[in-house]
2 protein chains.
Amino acid sequence: MTAERKSEPAYPVPGLERGIRILQMFNAGRRSIAPPEIARELGLPRTTVYRLVQALEHLGLLERLEGGSSFRPGLAILSLGFECLASLDISELGRPVLDELSDQTGLASHLVLRDGVDVVVVQKAQGKSPFASALQIGTRLPVHGTVLGRMSLIDMPKDELDQLFDNQDMSAFTEQTPRTVDALAAMLVLDAKRGYAVSDSFFEQGISTIAAPVRDQSGLSVGAVNVTLRGAPSSDPAFDALVDQVVKAGTALSRSLRYQRAFTREPMPHAG
Amino acid sequence: MTAERKSEPAYPVPGLERGIRILQMFNAGRRSIAPPEIARELGLPRTTVYRLVQALEHLGLLERLEGGSSFRPGLAILSLGFECLASLDISELGRPVLDELSDQTGLASHLVLRDGVDVVVVQKAQGKSPFASALQIGTRLPVHGTVLGRMSLIDMPKDELDQLFDNQDMSAFTEQTPRTVDALAAMLVLDAKRGYAVSDSFFEQGISTIAAPVRDQSGLSVGAVNVTLRGAPSSDPAFDALVDQVVKAGTALSRSLRYQRAFTREPMPHAG
DNA sequence: GATCACAGTTTCAAATATGGAACAGCAGCG
DNA sequence: CGCTGCTGTTCCATATTTGAAACTGTGATC
């Protein structure tokens, strides 16, 4: 599911990798898991799973569903550098921009960053929109199958694209999903020229999206911002205004990012 | 730093535990760490640390600061069941309540849940307050040294308190911090009677807090809600109104929690 | 320029975690 | 009722990870 980095792990730490894989099994639709499921899905010996689960529980990363032997994520998850990610420059600086975007449009807005062949939701705002956002912080979406993903890719040279999707499956979600890197690249050319992208119920049915790129200090797109709305955006009378607002939010975010990232080196050299 | 669970791990998975400890070294004031620091602080062999760090990088949990060999948390952190925690009942349901509280008071507000001898910030709202909240989601605060913590404890029987703090150090942050369980218990009696707690620059200098308990379906306090303000709250002319609003938010959150948790068992039994 | 301290990497024997096998407890089913 | 399949747990030999030692490179200090 999650993008694999390079192919070979160099030096293995199986205990660690497996424990992490267990935690990664949880998502918005999967809030509790029992050990046998883990063993089956990860292809691990039962004994090992019980040990891992015990260790994770001991660390507070898993909590036993009362009574039973199923587990859900524990609060200690939030101690895993998340506090750090939450204060991540772009995420923190992005907040006001997203808030304003949502306020002005009355729509839910999201900021995503690309991570391999996924984009990850790192910040969102809901404003006073009647419909809550469908995306949670931390949600991952396939980069090739969403406008948010495509906006994150528009500055990537073709050879890097090839490399990125080498051996990656490009499952089709709808008929419009590109199934080859070439098809994707063709879409990206258009996307780049346009400077924004619109999906009529592209990834999720009934939810449409208008997205614009977010660039870092090097001027290359590293993520995207969007608003989500019900129904077909192109039929919305305020469509052009909407696009304009999203694009503006994108450039505002890019500016924050450019400004900030230069100082990301060693904000607080630990005083040994 | 983080609360240890039970004393003995039963069955060890050193690789996992150590990897997790590395990730836990990051916090709001510690955004990047170099391997030698890790080795020193965790008391691990250098070789081992390099291997662990490599494994974590491979998993996308750490990112190499460009050029150097220091690391910061990677976006894959957000795949560790965090999406699940983000949609955690109380956290999700708490949002509107916090938003309203911040809107009405113009102050930053926070929702914390108790986890061992810490409380963890699981949700926050800033409203249009001129000063941003000092607390990040995921931040842990010592339960005995903060009003948020004390509000989370007010329903705990003395013997459980003793057990909880058995072998836990109760460092003093200010002169008012209770240094023994007995002293804490005495404060809690008063806190419980009052139904809220106020700190004049208690934990952090210059920042004051008004907190109220949040109870689960069993009627016992499991967390707390607060607003933070600059200066001394007791001198604020709207003090009584503020307290009232915070307490109301607390009971509103308690209601959501009571309502929701009953269904937390197996929301989506995986269709193996 | 020589010396020292530290960062980063590789090797390999030794210590350790791992997982197969075996057992008990339960539920469903013929 | 006994059989079968699944879960949870314990034990122990073995295969694996681990970490001391050794080596290189770099930068500070004398």
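Being a predicted model, the structure only gives us computed values, none of them experimental. Below, read A as the first sequence line, B as the second, and so on, with proteins coming before strands; counting in each chain starts at 1.
Comment: Glu41(A) engages Arg30(A) in a salt bridge, judged by a side-chain N to carboxylate O separation of less than 4.0 angstrom. The pair Lys158(B)-Asp162(B) meets the salt-bridge criterion, since a charged nitrogen lies less than 4.0 angstrom from a carboxylate oxygen.
Contacts between chain A and DNA chain D, taken as any atom within less than 4.0 angstrom of a protein heavy atom, begin and end at dT7(D) to dT17(D).
Rounded to the nearest 0.5 angstrom, Tyr50(A) OH and Leu44(A) CG are separated by 13.0 Å.
For Tyr50(B), no side-chain nitrogen or oxygen approaches OP1 or OP2 of dT9(C) to under 4.0 Å.
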Exercise. Under the side-chain contact (heavy atoms from CB on, under 4.5 Å) criterion, do Val181(B) and Asp166(B) qualify, and how do the steps go?
Worked result: CA-CA 9 Å; Val181(B) 181; Asp166(B) 189 41; over 6 Å; no
Exercise. Side chain to side chain donor-acceptor pair (under 3.5 Å) between Gln24(B) and Arg21(B): does it pass, once the steps are laid out?
Worked result: CA-CA 5 Å; Gln24(B) 289 179 332; Arg21(B) 294 252 177 275; 3.2 Å; yes
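Between the His110(B) side chain and the Leu148(B) main chain, no donor and acceptor come within less than 3.5 Å of each other. At least one donor-acceptor pair under 3.5 Å links the side chain of Ser221(A) to the backbone N or O of Met151(A). The backbone N or O of Pro142(B) lies less than 3.5 Å from a partner atom in the side chain of Thr146(B), making a donor-acceptor pair.
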Shorter than 3.5 Å, N or O on both sides, protein versus nucleotides 16-20 of chain C: list them out with atom names.
from    : atom 1 : to       : atom 2 : distance (Å)
dG19(C) : OP1    : Arg18(A) : NH1    : 3.1
dG19(C) : OP1    : Arg18(A) : NH2    : 2.9
dG19(C) : OP2    : Arg18(A) : NH1    : 2.8
dG19(C) : OP2    : Thr48(A) : OG1    : 2.5
dG19(C) : N7     : Arg51(A) : NH2    : 2.9
dG20(C) : O6     : Thr47(A) : OG1    : 3.4

